[in-house]
**Q** 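Starting off with a structure, shown below.
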Amino acid sequence: MSTPATPSPPRTGRPRSVTADAAILDATRDALVDLGWSKLTMGDVAQRAGVAKTTLYRRWAHKNELVVDAVAVLFDELELPDRGSLLEDVQGVVLQFAALLERPETKTALMAVVAESTRDDALRTRIRSAIVDRQKRLVLLGRERAQARGELPYEESPVQAARNADLIFDVIAGAVVHRALVSAEPVDEAWAHSFTSLLVSGLGGVTPQA
């Protein structure tokens, strides 16, 4: 007698559509550029994305969450190149980051969420989890490569290692955002090389001679 098959657990809700999500996030960034934060509504986004508002609210309860996720997927495009040295790797990602900030949809969306987060603790927390914490992967990978090459020492304390990773991320992100969006100065090869040389020197790394 054959054993009856174990029934599959019931599915809860309708599966999310990757295509619909991408269309919604694209529409959010477009609407931000056209309308600005204050005039942007969930209805605007739904209309531009060609979806029902109910579809939007099933995924994001508030406009704040939606905009942060629309920004976060842009930063997920960043990759740490393997150029053979810590200085060159960091310089490469700095230039990528700067190029990303030059795009109108990135610039508008990032400035909007940062400004709004000064009055919204929940939004600030979501920015940290969706953008900052996710992008620290670049710092961790860069440090791992540099340690394997002998460019940086291994850190014995996990707590201190985590603090150092936070500091490195803050220095790189803060410097590039300030240069590109606040000072409105170019982040070109020369600036990126000078900045990265200073950073690597501060870390105690081996800086290749020019």
Side-chain angles (χ1 to χ4, degrees), residues 8-80 93-94 96-141 162 165-166 168-170 172-182 184 187:
S8 300
R11 299 174 69 177
T12 57
R14 187 178 301 174
R16 290 181 66 150
S17 164
V18 174
T19 302
D21 282 0
I24 291 167
L25 297 177
D26 286 345
T28 301
R29 293 188 296 270
D30 289 344
L32 267 173
V33 173
D34 293 343
L35 304 174
W37 177 278
S38 61
K39 294 182 180 179
L40 176 69
T41 68
M42 297 288 266
D44 293 320
V45 174
Q47 183 177 16
R48 287 170 183 255
V51 300
K53 284 175 65 175
T54 52
T55 300
L56 220 60
Y57 281 108
R58 277 199 300 267
R59 290 158 165 77
W60 295 276
H62 305 288
K63 178 175 81 172
N64 292 358
E65 298 175 2
L66 173 59
V67 174
V68 171
D69 284 0
V71 178
V73 297
L74 294 178
F75 284 95
D76 286 342
E77 296 175 12
L78 294 173
E79 295 294 340
L80 185 70
V93 80
V94 163
Q96 278 186 53
F97 185 24
L100 183 62
L101 293 177
E102 288 179 0
R103 290 160 54 176
E105 66 271 25
T106 310
K107 184 185 306 184
T108 303
L110 181 62
M111 295 293 271
V113 295
V114 169
E116 191 66 20
S117 71
T118 62
R119 301 184 291 273
D120 187 332
D121 290 341
L123 178 59
R124 190 180 304 117
T125 299
R126 191 173 182 88
I127 291 171
R128 174 164 291 279
S129 63
I131 300 175
V132 175
D133 290 344
R134 282 200 336 223
Q135 296 314 313
K136 283 181 184 173
R137 64 188 171 85
L138 301 172
V139 172
L140 299 178
L141 176 58
D166 287 348
I168 293 166
F169 180 89
D170 290 344
I172 295 174
V176 177
V177 168
H178 187 277
R179 175 81 176 178
L181 301 185
V182 179
V187 179

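Along the sequence shown, residues are numbered consecutively beginning with 1.
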**Q** Rounded to the nearest 0.5 Å, what separates atom CZ in R29 from atom CD1 in I24?
**A**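 The distance works out to 12.0 Å.
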**Q** Work out which heavy atom in S117 is nearest to a heavy atom in I127; give both atom names and the distance.
**A**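 Looking at all heavy atoms of both residues, the closest pair is CB-CD1, 3.7 Å.
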**Q** Only counting residues at least two apart or in another chain, list the ones meeting side-chain contact (heavy atoms from CB on, under 4.5 Å) with L138.
**A**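 With sequence neighbours excluded, L138 shows a side-chain contact (heavy atoms from CB on, under 4.5 Å) to L78, L80, V93, Q135, given in chain and number order.
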**Q** Just by modelled atom types, is the V33 backbone N or O under 3.5 Å from a matching donor or acceptor in the T108 side chain?
**A**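 Flag not set: sc T108 to bb V33 has no pair under 3.5 Å.
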**Q** Enter the distance from T118:OG1 to E116:CD here, rounded to the nearest 0.5 Å.
**A**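 Interatomic distance, T118 OG1 to E116 CD, rounded to 0.5 Å: 7.0 Å.
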**Q** Kindly give the heavy-atom pair with the smallest separation between A70 and L74, and that separation in Å.
**A**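 The answer is O-CG, 3.7 Å.
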**Q** Donor-acceptor check, side chain of T125 to backbone of D121, threshold 3.5 angstrom: yes or no?
**A**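 Side chain of T125 to backbone of D121: a pair is present.
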**Q** Any chance you could measure L110, atom CG, to I131, atom CD1, to the nearest 0.5 Å?
**A**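 Separation between the atoms: 6.5 Å.
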**Q** Name all residues meeting the salt bridge (Lys or Arg N to Asp or Glu O under 4.0 Å) criterion together with D170; count only those two or more places apart in sequence or in a different chain, and write none if there are none.
**A**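 Testing D170 for salt bridge (Lys or Arg N to Asp or Glu O under 4.0 Å), a comparison that skips the adjacent residues, returns none.
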**Q** Test of understanding: with salt bridge (Lys or Arg N to Asp or Glu O under 4.0 Å), list the residues that count as partners of D69, not counting sequence neighbours.
**A**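 If we apply the salt bridge (Lys or Arg N to Asp or Glu O under 4.0 Å) test to D69, skipping adjacent residues, the hits are R126.
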**Q** Examine distances only and state if a side-chain atom of K63 and a backbone atom of W37 form a donor-acceptor pair shorter than 3.5 Å.
**A**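 Yes: the side chain of K63 pairs with the backbone of W37.
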**Q** Residues in salt bridge (Lys or Arg N to Asp or Glu O under 4.0 Å) with R179, at least two apart?
**A**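 By the salt bridge (Lys or Arg N to Asp or Glu O under 4.0 Å) rule, R179 matches no residue at all.
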**Q** Can you sort out the partners of H62 under side-chain contact (heavy atoms from CB on, under 4.5 Å), two or more places apart, ordered by chain and number?
**A**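 Listed in chain order: E65.
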**Q** Apply side-chain contact (heavy atoms from CB on, under 4.5 Å) to residues V68 and W60 and explain how you reach the verdict.
**A** CA-CA 10 Å; V68 171; W60 295 276; over 6 Å; no
**Q** Got a sec, which residues hit side-chain hydrogen bond (donor to acceptor under 3.5 Å, both in side chains) with K136, two or more places apart in sequence or on another chain?
**A**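 With neighbours one apart ignored, the set is D166.
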**Q** Can you name the residues that form a salt bridge (Lys or Arg N to Asp or Glu O under 4.0 Å) with D120, not counting sequence neighbours?
**A**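 With neighbours one apart ignored, the set is empty.
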**Q** Please find the pair of heavy atoms, one from L56 and one from A46, that lie closest to each other, and give the distance.
**A**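 Between these two residues, the closest heavy atoms are CD2-N, 4.0 Å.
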**Q** Mind checking what makes side-chain contact (heavy atoms from CB on, under 4.5 Å) contact with L140, not counting sequence neighbours?
**A**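 Only R143, A165 meet the side-chain contact (heavy atoms from CB on, under 4.5 Å) criterion with L140.
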**Q** Among V67, L35, L32, T28, which one satisfies side chain to side chain contact (heavy atoms under 4.5 Å, CB included) with V45?
**A**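 That would be T28.
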**Q** Among residues at least two apart in sequence or on other chains, which ones pass ring-ring contact (aromatic ring centres under 6.0 Å, His included) with F75?
**A**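 Testing F75 for ring-ring contact (aromatic ring centres under 6.0 Å, His included), a comparison that skips the adjacent residues, returns F97.
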**Q** Which residues satisfy the side-chain hydrogen bond (donor to acceptor under 3.5 Å, both in side chains) test with R128, sequence neighbours excluded?
**A**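 R128: no side-chain hydrogen bond (donor to acceptor under 3.5 Å, both in side chains) contacts found.
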**Q** If you round to the nearest 0.5 Å, how far is CD of E105 from CG of L100?
**A**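 One finds 8.0 Å between CG of L100 and CD of E105.
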**Q** Rounded to the nearest 0.5 Å, what separation is found between the CG atom of L101 and the CG atom of L181?
**A**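 If we round to the nearest 0.5 Å, L101:CG and L181:CG are 5.0 Å apart.
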**Q** Is the closest basic N to carboxylate O distance between R48 and D30 below 4.0 Å?
**A**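 Looking at R48 and D30, the cut-off is not met.
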**Q** Partners of D133 by side-chain hydrogen bond (donor to acceptor under 3.5 Å, both in side chains), sequence neighbours excluded?
**A**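 Once residues adjacent in sequence are excluded, D133 has no partner under the side-chain hydrogen bond (donor to acceptor under 3.5 Å, both in side chains) criterion.
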**Q** A22: what forms a side-chain contact (heavy atoms from CB on, under 4.5 Å) with it, not counting sequence neighbours?
**A**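 side-chain contact (heavy atoms from CB on, under 4.5 Å) check on A22 returns nothing, list empty.
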**Q** I need the minimum non-hydrogen distance between A23 and A49, along with the two atoms involved.
**A**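 What the structure gives for the nearest pair is O-CB, 3.8 Å.
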**Q** Are the side chains of R137 and E79 in contact, using a 4.5 Å heavy-atom criterion?
**A**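 Yes; the side chains approach each other to less than 4.5 Å.
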